[in-house]
Structures are given as structure tokens and as C-alpha cells.
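Notes follow the structure.
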Amino acid sequence: MAAQTFDVIVIGAGPGGYVAAIRASQLGLKVAIIERENLGGICLNWGCIPTKALLRSAEVFHLMHRAKEFGLSVTGLDFDLNAVVARSRGVAKQLSGGIGHLMKKNKVTVFMGAATLPKAGTVTVKTDKGSDELTAKSIILATGARARELPGLEADGDLVWTYRHALQPKRMPKKLLVIGSGAIGIEFASFFNTLGADTTVVEVMDRVLPVEDAEVSAFAKKAFVKQGMKILEKTTVKKLDRSPDKVVAHLEDAKGTTTQEFDTVISAVGIIGNIENLGLEALGVKIDRTHVVTDEFCRTGVAGLYAIGDIAGAPWLAHKASHEGVMVAELIAGKHPHPIKPNSIAGCTYCYPQVASVGLTEAKAKEAGFEIKVGRFPFIGNGKAIALGEAEGFIKTIFDAKTGEMLGAHMIGAEVTELIQGYVVARGLESTEEDLMNTVFPHPTLSEMMHESVLDAYGRALHM
């Protein structure tokens, strides 16, 4: 069979991959996309979207418990885990199906199968019907990543779960151990804890959510403990002893090793890039700890070969992958896109309370040698937050004292994953503290706290 020729071949149909394919097609290029599992990738099918659907159910359940605060009465309060999961899967299916529609609309040829690169510019796709050979001057790797599994802590789908098992739980955990307090671990801990699981979170670092600002981590820990979680920091799970209906975890900290019994363990200790069986080593692609090494424009060093999204390294975020997909498509089409600025990409964690941040933490800003001004404003000082019954949280902003550049912003509280984009836009426009101070924020909104935090950094807060 003769090889089919395209201008661009995208391997992987997650957010970065399908967006790259759409943008390349919009620019008049002939595009093929290859996916071995589900259109939409991990994010739409097993990550961002279905977890947020689960967390929304938990949030509503939490609010129902607080009905009396709002002058409401609820009786017979309960949940149906199977129905909660079914809703989550339905949301994922709806969006995954939408990607198929977008591919047709944009005239992108879809191949469902496993891809390999036998030589530069050539991709072989193994499908249920056989093999296809495709050629293109430009190939974009967007194969994503999967859960990291540590020796002795491997998932079995029964007692020990990864995020995939946790998205379709066989049962409601009674006593749950979550290993890792990054975004994935904390989100699942928040979900199951809200539904009533006795939840323990183990973190090897000295604080939960260790990539966040230290003040946010401390506030989050206090909130989680108040909700009934047990937080064990500077603690390592050395091994898991499994029996038919329980797991004995050996937990080591500075005081020594202790054991605790759980009926369910969720391992959330990071991710590894999907680089295997692609033929990358033979092509001379440089790989560092399971991730493809690229330059600021996602070029791998092999002519015509690009890598975007999780396979190309941190930050491991769907919106970063999507933006890289657009950038690379425009670069291939002869445009002049701007490179990605990692420090201007927001990170969001959808636990309760929500956490969001962009830019440098206070500690990182000091380490970088900046003289800084720091502003803070609490949710309790905001009328909309009090009206919502969400008065716990704060917003923190960090500025370069010499130039007024906003170096970072850090939030914890209701809907901060939506608020953070205001500061992301400000960073993108290189706004100074003066620009933000002179911006009129609508009232009554949670966004007013963003204004007050900026004002506070310069001793001008009005409502505190």
C-alpha cells in the first residue's frame, strides 16, 4: 500500500494534539491525527473533565449538608456513588464525542491505532484493520503521560488504585490512604473525604500541595484537617502488605516506622511520559527522565519533529499543552508565534477549598533576588464571599518593589480557579501595580479581593 502523505501528522489526540491538528488545518495544512485509545486523551476521558464532574457532585453534597445556613431544609440526605460516577463518565463521553465532530469539521484525517516512527518523516500506524504508512515534513508528538507507580506500591485495581481506578471506583472507600498531595492526590482525597471516607494523606515533602506558596499550603492543611482529613507530612510509604480485604501501610517519618490499615489506597506520586515503542531513541531524540527534551518552541532537535504537552515536561497542564499545540502549528505554517512562558501559566487544584496560582511564590521570588512587596486580602473582608457563605480563604500578590511587575499571585478559596485568569492576563500584558490599582473591579464580586490584595501590597487596602 502506498504511503499517504500529509503536511502535518499529530500523534496523540489529547488537548494539545487535537488543538494542534485544528489550528494546522485552519492554516491550510493537510493534517492527520493518530490516537490509540480515546479522542480527547487523558484530560477529557480520564483526567481534568471527569474528575471535575466528580468534584462538582461532592461540592453539591457538601452544600446540601449546609442547607440550614441558607435558610433551607433538606431531609434524607444521601448519595449514590454509581450515579455520581455515571454522570462523570457521561460528561467525559459527551466531550470526547465532540472532538470527533471537530476533526470532521476541520477535515482532519483520524487514524485510531498505535504509532511508531521507523524513520524521520514517516509514521506507521497499526490499526484493527492492519497497518498504514504515513509521511509528513512535520510530526508533532502529543502522546501525554500516565501515572507513575513506585516499586511495591503498584496499583492492582482492587485495593490499590491509580486515578483511573478512582474515577470508576468499585466501592466507596471506608478508610482511604492517598499517597501524594499534589493536585491529583488532593482532589481525590477531597472527593472521597466529602462523601464520608476516613481519609489520610501522606506527603513526602514538608507540606501538602508542595508546589504552592507556603502560606497557601498551610491554610489548605488547616482546612483539610477541619474537614476530617489526616495529613502526614515528611512521611514515606515504604511498603504495602496486601490481604483479601485490607492493606497494611508501613509509614516512615523522622520518628521511625509505624503501620496503619486501610481498605483502599490511591497512589498519586506523579506521572511519566508515554515515550515507549515510538522509535524515538533510534531517531536521536533526547530524553530526560521519560520526557522529551525540547527548546522553547517545542522542537526536539530532530528536523521536523516536535513534542508538546506532558511528554515534553512540566508544567503538566492541559492548557499548557493546548497553547503549545497552537504555537507549533503556527510555526509549521510559517507564522511567528511567541514562545510559551511557563511562569505565566496558571495552576489550579479543584479541592475544597480551591487553590490557584501563577508566577513565583514568595520564597522563589526572594531566592531569585527580588526585593518584593506582598499584599494579602481575606475572603472574610469581601461582601460577595460572605453572601455566598464562602468566607474562608485569601488572595496573595507579590510584586517587584523596584519595577512594580507582578511576580506571582496565589489564592485559596471559593472559585479561585476562575479568578486566577485575571492575573494571568495581567502578566501577559506586563501590567504593573499601577495598572491593576487603576482597574475598576465590579461590585459585588469575588474579584474585588484581587484589587484589594494589590492595594495592600502598597499599603492602600480599603476594606481591611
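Values in this document were obtained by computation on a predicted structure and should not be read as measured data.
Using a distance-only test at 3.5 Å, with no hydrogens or angles considered, no donor-acceptor pair links the side chain of N193 to the main chain of G196. With hydrogens and angles ignored, the 3.5 Å screen pairs a side-chain donor or acceptor of K320 with a backbone N or O of G309. The backbone N or O of G152 sits less than 3.5 Å from a side-chain atom of E154, completing a donor-acceptor pair. Judged by distance alone, with hydrogens and angles left aside, the side-chain atoms of E212 form no donor-acceptor pair with the main-chain N or O of L209 at under 3.5 Å. In terms of modelled atom types and a separation under 3.5 Å, the side chain of E203 and the main chain of M205 share a donor-acceptor contact. Under the 3.5 Å distance criterion, the side-chain polar atoms of S25 are left unmatched by any main-chain donor or acceptor of I22. The backbone N or O of A58 sits nowhere less than 3.5 Å from a side-chain atom of T194 that would complete a donor-acceptor pair. Of the possible donor and acceptor atoms, none in the side chain of S190 sits under 3.5 Å from a partner among the backbone N and O of C351. A donor-acceptor distance shorter than 3.5 angstrom exists from the side chain of T300 to the backbone of V302, with no hydrogens or angles considered. D156 places no side-chain N or O within 3.5 Å of a backbone atom of W161 that could act as its donor or acceptor partner.
Residue pairs meeting the salt bridge (Lys or Arg N to Asp or Glu O under 4.0 Å) criterion with at least one member in residues 294-309, sequence neighbours excluded, are D295-R299. Residue pairs meeting the side-chain hydrogen bond (donor to acceptor under 3.5 Å, both in side chains) criterion with at least one member in residues 341-350, sequence neighbours excluded: S344-R427. Residue pairs meeting the salt bridge (Lys or Arg N to Asp or Glu O under 4.0 Å) criterion with at least one partner in residues 331-340, sequence neighbours excluded, are absent. Residue pairs meeting the ring-ring contact (aromatic ring centres under 6.0 Å, His included) criterion with at least one member in residues 274-300, sequence neighbours excluded: H291-W316.
Electrostatic pairing of E215 and R207 does not count as a salt bridge here, judged by no charged N lying under 4.0 Å from a carboxylate O. Ion pairing of R164 with E37 is present here, as a side-chain N (NZ or NE/NH1/NH2) and a carboxylate O approach within less than 4.0 Å. Salt-bridge annotation for D158 and K170: absent, with no side-chain N of the basic residue lying under 4.0 Å from a carboxylate O of the acidic one.
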- Task: Just do the side chain to side chain contact (heavy atoms under 4.5 Å, CB included) check on Y423 and M406 with the steps written out, would you?
- Result: CA-CA 9 Å; Y423 286 142; M406 191 182 74; 3.6 Å; yes
- Message: Please evaluate residues V201 and F224 with respect to the criterion side chain to side chain contact (heavy atoms under 4.5 Å, CB included), reporting the C-alpha separation (whole Å), side-chain torsions for both, the decisive distance (0.1 Å), and the verdict.
- Response: CA-CA 10 Å; V201 177; F224 299 152; over 6 Å; no
- Message: Would E324 and Y306 count as a side chain to side chain contact (heavy atoms under 4.5 Å, CB included) here? Give the steps.
- Response: CA-CA 10 Å; E324 287 177 336; Y306 304 80; over 6 Å; no
- So F379 and F394, ring-ring contact (aromatic ring centres under 6.0 Å, His included) or not? Walk me through it. CA-CA 5 Å; F379 271 55; F394 68 88; 8.5 Å; no
- Task: Given side chain to side chain contact (heavy atoms under 4.5 Å, CB included), test K175 with T264 step by step and report yes or no.
- Result: CA-CA 7 Å; K175 192 171 183 184; T264 309; over 6 Å; no
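For the salt bridge (charged side-chain N to carboxylate O under 4.0 Å, His left out) test, no residue two or more places apart in sequence or in another chain qualifies with K384. For E187, the salt bridge (charged side-chain N to carboxylate O under 4.0 Å, His left out) criterion is met by K52, not counting sequence neighbours. Checked against salt bridge (charged side-chain N to carboxylate O under 4.0 Å, His left out), D80 has no partners two or more places apart in sequence or in another chain. Shown here are the salt bridge (charged side-chain N to carboxylate O under 4.0 Å, His left out) partners of D435, two or more places apart in sequence or in another chain: there are none. Applying the side chain to side chain donor-acceptor pair (under 3.5 Å) rule to D400 yields the partners T403; only residues at least two apart in sequence or on another chain are considered.
Between I345 and the options V424, V358, L317, a side chain to side chain contact (heavy atoms under 4.5 Å, CB included) holds for only L317.
To the nearest 0.5 angstrom, D263 atom CG is 5.5 Å from R171 atom CZ. Atom CD1 of I179 and atom CG of L150 lie 7.5 Å apart (nearest 0.5 Å). In this structure, CD1 on I395 lies 12.5 Å from NE2 on H451, to the nearest 0.5 angstrom. The CZ atom of R376 sits 8.0 Å away from the CD1 atom of I398 when rounded to the nearest 0.5 Å. We find the CD1-CD1 distance between I139 and I34 to be 8.0 Å, quoted to the nearest 0.5 Å. Here the CG-CG distance, from N38 to L95, works out to 12.5 Å after rounding to the nearest 0.5 Å.
For the residue pair V178 and G185, the shortest heavy atom distance occurs at CG1-O, 3.5 Å. Scanning all heavy atoms of the two residues, the minimum distance from D7 to G28 falls at OD2-O, 4.5 Å. Taking both residues in full, the closest heavy atoms of S453 and G375 are given as OG-O, 3.1 Å, listed atom of the first, atom of the second, then distance. Closest non-hydrogen pair, S96 versus L44, comes out as N-CD2, 4.1 Å. Across all non-hydrogen atoms, the minimal contact from S181 to I186 is O-CG1, 3.3 Å. In terms of heavy-atom proximity, A3 sits nearest to T135 at CB-CG2, 4.0 Å.
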Do any side-chain atoms of residues 97-125 form donor-acceptor pairs under 3.5 angstrom with protein atoms, and if so which ones, sequence neighbours left out?
from, atom 1, to, atom 2, distance (Å)
N106, ND2, L102, O, 2.8

Please list every donor-acceptor pair under 3.5 Å in which a side-chain atom of residues 409-419 meets a protein atom from a residue at least two apart or in another chain.
from, atom 1, to, atom 2, distance (Å)
H410, NE2, L360, O, 2.8
T417, OG1, Q354, OE1, 2.7

Atom pairs and distances, side-chain donor-acceptor, residues 268-276, under 3.5 Å, sequence neighbours left out:
from, atom 1, to, atom 2, distance (Å)
N274, OD1, R146, NH1, 2.8
N274, ND2, T143, O, 2.9
E276, OE1, R146, NH1, 3.2
E276, OE2, R146, NH2, 2.7

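The shortest side-chain heavy-atom distance between E392 and P353 does not fall under the 4.5 Å cut-off. Within the 4.5 Å cutoff, the side chain of I332 has heavy atoms near those of the L29 side chain. Here the side chains of Q168 and W46 are in contact, with some heavy-atom distance below 4.5 Å. Contact of the V31 side chain with the F6 side chain is not registered, since no non-hydrogen atoms from C-beta on lie closer than 4.5 Å. Considering only heavy atoms from C-beta on, L251 comes within 4.5 Å of V237 through its side chain. With a 4.5 Å cut-off on side-chain heavy atoms, L240 and F262 do not count as touching.
Few gaps surround CD on Q26; more than 12 heavy atoms of other groups in view lie less than 6.0 Å from it.
Here Y163 and F188 keep their ring centres 6.0 angstrom or further from each other.
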